Structures are given as structure tokens and as C-alpha cells.
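Computed from heavy atoms alone, side chains included, the values below leave out hydrogens, waters and symmetry copies. Remember, it's a predicted structure, so these values are computed and weren't measured experimentally. Protein chains get the first letters and strands the later ones, always in sequence-line order, with residue 1 at the start of each.
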Amino acid sequence: MRRETFIALTAGIIFGAGLALGGMTDPARVRGFLDLFGAWDPTLAFVMGGAVLVMAFAWALQRRMLRPFFTDSFALPDRSDLTPRLIGGSALFGIGWGIAGLCPGPGFAALAIEPVSAAIFIAAMLFGMLVVRIVEGAA
Amino acid sequence: MSLPGFPDAAPLTGLLGGVLIGIAAALMLLGAGRIAGVSGIAARAFGIASSSMPRIGAVAFLLGLPLGALIVIRLAGTSAPQFAAPVTLGIAGLIVGIGTRLGSGCTSGHGVCGMSRLSQRSLVATATFMATGFVTVAVINALNIAVAP
């Protein structure tokens with residue numbers, strides 16, 4: 001196995017464990033966070049806070065590194081423009097997120113919990129992604 | 001541990017889970033030089049988007065997600081959560097797929113990796129999908145629509 005593949009697998013396992021431990025594979029908990037005007041459950045804010053805190057340190061370290069530990073170079077987004085596409089797409093994503101209480105990460109992690117439900121969500125998500133590609137390819 | 005005023009909240013396991021997610025994202029960033037954005041990695045793994053990430057790496061990351069969840073479930077023995085009805089899951093998934101491609105990311109790429117970098121695009125994207133998520137759940141609850149079967 002290539003080193004990068006091994007890192008990705010390890011990161012995926014830790015990521016999935018974090019999602020499950022934080023309750024993010026439970027749609028009711030995610031929808032509880034999004035129920036700001038009802039019985040609000042702030043758990044997701046703690047999950048996001050913990051992750052952002054660790055990653056803030058990682059970014060501080062990254063700025064002092066010339067290259068990653070196990071690959072040749074960093075491949076990171078460098079755009080800063082705010083486009084209607086970014087905002088419209090994010091707005092749509094939030095609607096889908098609120099409907100089922102699932103986003104892509106927990107969708108895949110939930111394959112270990114409710115494989116049929118997770119597979120339906122994932123298949124529909126991939127189809128949506130494909131639709132964007134086809135429509136944009138034709139435009 | 002519970003949070004005063006929020007009997008259902010799980011702040012400690014939430015924070016620990018979040019730290020694990022942060023460690024995973026940091027491993028991807030510092031080890032492989034990449035953003036741990038699940039929607040982008042999924043698009044790469046299934047050949048929908050091209051990126052410099054090797055496809056096998058994208059597949060490996062995605063396979064890791066349920067494996068990691070399985071380990072936690074086996075150790076902690078959490079109760080079985082309720083998922084939405086198949087039609088609802090299909091509609092939600094479709095919208096999530098379209099939205100994350102157009103918006104270039106989801107909760108992990110924009111929310112975790114981008115916000116911690118203070119990326120302007122990610123801050124705006126996260127504020128936007130949180131806002132529409134709040135409104136969506138408020139509307140569904142106000143109309144008394146049952147999401148779970």
C-alpha cells in the first residue's frame with residue numbers, strides 16, 4: 001500500500017470514529033442542533049469547536065512547513081472570491097442537510113449503522129453530483 | 001456530563017469526537033497535504049470530479065469512515081438511531097449532492113478545514129448552510145412534517 005493511501009485510510013478511520021463518538025451519525029442529534037428555534041441541542045457546536053481548534057493548530061504548523069510529511073507538495077485551495085455559485089450551492093446543501101440530518105461524512109460513516117438508509121442517501125448524493133457535472137459540461 | 005439547560009446535549013463526547021475529527025483532518029493536511037473534505041473526496045472516489053488526489057486514496061478515506069464508526073459502536077454500544085424514510089433520504093441526498101458540488105464543499109471541507117484556516121469562502125459557505133439548515137428544520141417542524149418513518 002502506498003504511504004498516501006495508508007494515511008487516507010487511517011485519517012478516514014479516525015474521522016469516522018470522531019463522527020460516531022460525537023453523535024453525528026445520529027440524524028436526530030444533527031437535526032436537534034439545526035432546531036435552533038425549538039428544543040436546541042448544542043452538541044454539534046462542541047464537535048465543530050473541537051475539530052476547528054485542533055485544525056487551527058494544524059494550519060499554524062502547515063504555514064511553517066515546506067512540504068507535507070509523506071507527499072511531495074501541498075494541494076490546497078487558494079481561492080478567496082465569493083461567488084453566487086458558492087453561496088447558492090451552500091444554501092442548497094443546508095436545506096438537504098436539514099431535511100435528513102445527514103451530510104456527506106456521517107452519510108458514509110452511517111454505512112456501519114444503517115447500511116440501507118446510508119446507501120440510499122449516498123446514491124442520491126452521488127447522482128446529484130453527477131447532475132451538476134453533466135449540466136455544467138453541457139453549458 | 002450534561003450541560004445546564006440542555007439535558008439532551010452531550011458536550012464531552014461531542015468535544016472528544018470533534019478532537020478526533022480534527023486529528024484526522026490534521027493528518028490529511030500535514031501528512032498528505034490535502035483538505036479532508038468528504039464531499040470532494042467522494043466526488044473524486046466515484047470519478048465525478050478530477051483532482052490531484054489519487055483515486056485509491058479517496059476510496060481508502062471513504063472506506064475508513066464506516067470502519068471508524070464501527071469501532072466506536074462496538075466499544076460504546078450506542079443505541080440505534082432513527083433515519084429518515086427512503087424517499088426523504090433520496091430527496092435530501094440529491095440536494096446535498098448538487099449543493100456540495102456547486103458550493104465546493106460541505107461541513108468537513110468548509111466547516112472544519114476552511115473555518116480553522118479563516119478562509120473567507122469557507123466562513124461564508126458555513127454561515128450560509130447553517131442558516132438554511134436552521135430555516136429548513138424550523139419550517140419542517142412548524143408544518144409538523146414527520147421526517148422519520
Side-chain angles (χ1 to χ4, degrees), chain A residues 4-5 7-9 11-18 20-22 26 34-37 41-43 46-47 50-52 54-56 58-59 68-71 74-75 80 85 89-100 103-105 108-109 111-112 114 117 120-121 124-125 128-129 132, chain B residues 8-11 14-15 17-22 24 26-29 31-33 38-39 43 48 52 56-57 60-61 64-70 72 81 83-84 89-90 92-103 106-108 112 116-117 120 125 128-129 132-134 136-138:
Chain A
E4 188 173 358
T5 312
I7 291 167
L9 179 64
I13 290 171
I14 299 171
F15 203 111
L21 183 64
D26 181 355
L34 293 175
D35 192 13
L36 189 62
F37 309 106
D41 179 349
T43 304
F46 286 88
V47 177
V52 166
V54 174
M55 270 304 282
W59 281 115
F69 288 114
F70 303 110
T71 56
F74 286 103
S80 60
R85 183 191 152 106
S90 297
L92 262 183
F93 162 51
I95 294 170
W97 189 33
I99 291 174
C103 52
F108 281 98
L111 282 169
E114 275 261 347
S117 296
I120 293 169
F121 176 81
M125 178 179 83
M129 290 179 169
V132 172
Chain B
D8 295 331
L15 197 65
V19 166
L20 281 181
I21 293 168
L27 180 62
M28 282 293 277
L29 175 66
V38 180
S39 58
I48 296 165
S52 60
I56 179 83
F61 182 88
L65 294 175
L67 283 177
L70 195 65
V72 168
F83 286 78
L89 286 169
L94 186 70
I95 300 173
V96 167
I98 296 171
T100 51
R101 278 325 284 161
L102 292 176
C106 59
T107 345
S108 49
V112 173
S116 57
R117 193 190 190 188
Q120 180 178 250
T128 306
F129 63 66
T132 56
F134 290 143
T136 302
V137 170

| field | Heavy-atom closest pair, residues B:M28 and A:A8 | value | SD-CA, 3.9 Å
| said: Please rank A:L34, A:I95, A:D35, A:V54 by heavy-atom pairs under 4.5 Å with chain B and give me the top one. | reply: A:L34
| To the nearest 0.5 Å, how far apart are CG in B:L27 and CZ in A:F69? | 10.0 Å
| note | One option among A:S117, A:A51, A:G98 has the most heavy-atom pairs under 4.5 Å with chain B, and it is A:A51
| query | Pick from A:A109, A:A75, A:G22: which one has the most heavy-atom pairs with chain B under 4.5 Å? | reply | A:A109
| said: Ignoring hydrogens, what is the shortest heavy-atom contact between A:T43 and B:A10? Give both atom names and the distance. | reply: OG1-N, 2.9 Å
| Under a 4.5 Å cut-off applied to non-hydrogen side-chain atoms, are B:V96 and A:F121 in contact? | yes
| In Å, rounded to the nearest 0.5 Å, how long is the span from CG of A:L21 to CG of B:L15? | 10.0 Å
| said: If you define the side chain from C-beta out and look only at heavy atoms, does anything of A:I120 sit under 4.5 Å from B:F83? | reply: no
| request: Could you have a look at A:L111, A:T71, A:L36, A:I13 and say which one has the most heavy-atom pairs with chain B under 4.5 angstrom? | output: A:I13
| remark: Correct closest heavy-atom pair for A:G105 and B:L65 would be O-CD1, 4.0 Å
| note | Taking every heavy atom of B:A43 against every heavy atom of A:M129, the minimum-distance pair comes out as CB-SD, 4.0 Å
| task | Could you look at A:F37 and say if it's the side chain, the backbone, both or neither that has a heavy atom under 4.5 Å from chain B? | result | side chain
| remark: Given A:S80, A:A100, A:A58, A:P104, the one with more heavy-atom pairs under 4.5 angstrom with chain B than any other is A:P104
| message | Using every non-hydrogen atom in the two residues, find where A:P68 and B:G31 come nearest and quote the distance to one decimal. | response | CB-O, 3.5 Å
| said: To the closest 0.5 Å, what do you measure between CD1 (B:I95) and CH2 (A:W97)? | reply: 14.5 Å
| request: Evaluate the side-chain proximity of B:F129 to A:C103: yes if any heavy-atom separation is below 4.5 Å, no if none is. | output: no
| remark: So CG of B:L94 and CD1 of A:I99: to nearest 0.5 Å the spacing works out to 10.0 Å
| task | Report the option among B:Q120, B:R101, B:R117 that has the most heavy-atom pairs separated by less than 4.5 Å from atoms of chain A. | result | B:R117
| message | Is there a side-chain contact between A:V47 and B:I21 in this structure, where contact means two heavy atoms from C-beta onward sitting under 4.5 Å apart? | response | yes
| said: With a 4.5 angstrom heavy-atom cut-off, is it the side chain or the backbone of B:S52 that approaches chain A, or both, or neither? | reply: side chain
| said: Is A:D41 in contact with chain B via its backbone, its side chain, both, or neither, using a 4.5 Å heavy-atom distance? | reply: side chain
| Given side chains that start at C-beta, do those of A:F93 and B:T107 come closer than 4.5 Å, heavy atoms only? | yes
| Under 4.5 Å from a heavy atom of chain A, the part of B:S116 involved | both
| query | A:I14 and B:L20: which non-hydrogen atoms are nearest, and at how many Å? | reply | CG2-O, 3.3 Å
